[in-house]
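Scope of the values below: all heavy atoms of this structure, side chains included, with no hydrogens, waters or symmetry mates. Protein chains get the first letters and strands the later ones, always in sequence-line order, with residue 1 at the start of each.
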Protein chains: 2
Amino acid sequence: MVTIQEQIVDPTACCTLDISGAEQERMVAMFKALGNPTRFEIMKYLVTHPACITGDIVEFLPIAQATVSQHLKVLREAGWITGVTEGPATCYGLHKENIAWFKDKVGEIF
Amino acid sequence: MVTIQEQIVDPTACCTLDISGAEQERMVAMFKALGNPTRFEIMKYLVTHPACITGDIVEFLPIAQATVSQHLKVLREAGWITGVTEGPATCYGLHKENIAWFKDKVGEIF
DNA sequence: TATTCGTATCGTAAAAATATGATAAAGGAA
DNA sequence: TTCCTTTATCATATTTTTACGATACGAATA
């Protein structure tokens, strides 16, 4: 019996991209956020500097504080990083669960 | 002996993001290209419709032909797809080698 | 309370992305 | 050759992104 759920899949295809709806939107948003050189650098910085504050990243990058803050917001909203208020500062770190989800999904659909 | 190549790596870190230079640029470009809902849909379409032409994708998507052509150009320049002239048309397909590279790299660095 | 520190947000300007209709160019058919 | 088909590119408008200085706000300090 053929149901609406079935799909004809090319056995020679190099990937399935079997994702849709909210998961696809989440995926696209994560792709978009990391598709920027500065934000990729911020992610790399967080690997070697876990639990750092905004000022550390501002020192590291050659751009204005306001711009760094904006990039951090984009990364946080896409789920790549976490930001926790610690007194007057904000402590940033990699969002392990979401990163693991992304890695797993890429492994699944590509 | 400590050399310039050595890096202090946090063993609890969830990823290494150990990539740089041209490979990092290539990675960011691929992220950027797929960080768009329409282009992601085009990629999904190509999975189920290997070796299709521009007109097929134009029929499938609710956007103008010129816009589809631009999106195809972005995907091609980022390395996600191939485009081969076949008579008056252009035959598009997934770029298997580059997709495999992307998948492998994501598995390595995340 | 007044001040300083750290950072997010506001207002704005410039650059890039997205979208469209019109056009051009190239291949095949009449 | 002339016409039709197909698609890329052009010119352009709109939206979004990126960047900055200025400002506001909360937390800690004097």
Does [X] have any side-chain contact (heavy atoms from CB on, under 4.5 Å) partners at least two apart in sequence or in another chain, and if so, which?
| X | value |
| --- | --- |
| B:S69 | B:Q65 |
| A:Q24 | A:I19, A:S20, A:V28, B:F40, B:E41, B:K44 |
| B:I57 | B:I42, B:Y45, B:L46, B:C52, B:L61, B:V68, B:L72 |

Requested in this report: Any pair with a residue in residues 72-91 of chain B that passes side-chain hydrogen bond (donor to acceptor under 3.5 Å, both in side chains), sequence neighbours left out, goes on the list, sorted by first then second residue, please.
Outcome: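 Every pair satisfying side-chain hydrogen bond (donor to acceptor under 3.5 Å, both in side chains) with a residue in residues 72-91 of chain B: there are none.
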Report task. Tell me, please, the opening and closing nucleotides of DNA chain D, 5' to 3', among those with an atom under 4.0 angstrom from a non-hydrogen atom of chain A. Result ->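 The footprint of chain A covers D:dT17 to D:dA28.
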Query raised in the report: For DNA chain D, which residues in residues 53-60 of chain A have a heavy atom at a distance below 4.0 Å?
Result: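 Residues of residues 53-60 of chain A under 4.0 Å from DNA chain D: none.
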**Report entry** Separation of atom CG in A:L75 from atom P in C:dT7, rounded to whole Å
**Finding:**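 After rounding, the gap between these two atoms is 16 Å.
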Report task. Establish whether B:V74 and A:F31 are linked, either directly or via other cluster members, by ILVMFWY side-chain heavy-atom contacts under 4.5 Å. Result ->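 Per the 4.5 Å side-chain linkage, B:V74 and A:F31 are not co-clustered.
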**Report entry** Same cluster (ILVMFWY, side-chain, under 4.5 Å), A:V47 and A:M43
**Finding:**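 Hydrophobic grouping puts A:V47 with A:M43.
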Query raised in the report: Taking DNA chain C as the partner, which of residues 81-90 of chain A come within under 4.0 angstrom of it by heavy atom?
Result: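 Output list: A:P88, A:A89, A:T90.
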Query raised in the report: How many angstroms lie between NE2 in A:H71 and CD1 in A:I81, if you round to the nearest 0.5 Å?
Result: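 Atom-to-atom, A:H71:NE2 and A:I81:CD1 are 11.5 Å apart.
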[X] versus [Y], closest heavy-atom pair with distance:
| X | Y | result |
| --- | --- | --- |
| A:A78 | A:M30 | O-CG, 3.3 Å |
| B:C15 | A:I99 | SG-CD1, 4.3 Å |
| B:L75 | B:A33 | CD2-O, 4.2 Å |
| B:A89 | B:I53 | CB-CG2, 4.0 Å |

Requested in this report: Decide yes or no for A:L34 and B:M27: does some side-chain heavy atom of the first lie under 4.5 Å from some side-chain heavy atom of the second?
Outcome: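 No, every pair of side-chain atoms sits at 4.5 Å or beyond.
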Considering only nitrogen or oxygen atoms on both sides, find all protein atoms under 3.5 Å from nucleotides 20-24 of chain C and state each distance.
unit_1: C:dT20; atom_1: OP2; unit_2: B:A64; atom_2: N; d: 2.8
unit_1: C:dT20; atom_1: OP2; unit_2: B:T67; atom_2: OG1; d: 3.0

Query raised in the report: Which residues pass the side chain to side chain donor-acceptor pair (under 3.5 Å) test with B:E59, sequence neighbours left out?
Result: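 Result, side chain to side chain donor-acceptor pair (under 3.5 Å) vs B:E59: none returned.
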Query - Non-neighbouring partners of B:N36 that pass side chain to side chain donor-acceptor pair (under 3.5 Å), sequence neighbours left out - result: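 For B:N36 there are no side chain to side chain donor-acceptor pair (under 3.5 Å) partners, ignoring immediate neighbours.
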Show me the donor-acceptor pairs, under 3.5 Å and distance only, between side chains in residues 101-110 of chain B and residues at least two apart or in other chains.
unit_1: B:K103; atom_1: NZ; unit_2: A:G107; atom_2: O; d: 3.4
unit_1: B:K103; atom_1: NZ; unit_2: A:F110; atom_2: O; d: 2.9
unit_1: B:K105; atom_1: NZ; unit_2: B:E23; atom_2: OE1; d: 3.1
unit_1: B:K105; atom_1: NZ; unit_2: B:E108; atom_2: OE1; d: 3.3

Query raised in the report: Taking OP1 and OP2 of C:dG6, is either one under 4.0 Å from a side-chain nitrogen or oxygen of A:Y92?
Result: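 Looking at the OP1 and OP2 atoms of C:dG6, neither is under 4.0 Å from any side-chain N or O of A:Y92.
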Give each protein N/O atom lying under 3.5 Å from an N/O atom of nucleotides 15-17 of chain C, with the pair distance.
unit_1: C:dA17; atom_1: OP1; unit_2: B:K32; atom_2: NZ; d: 2.5

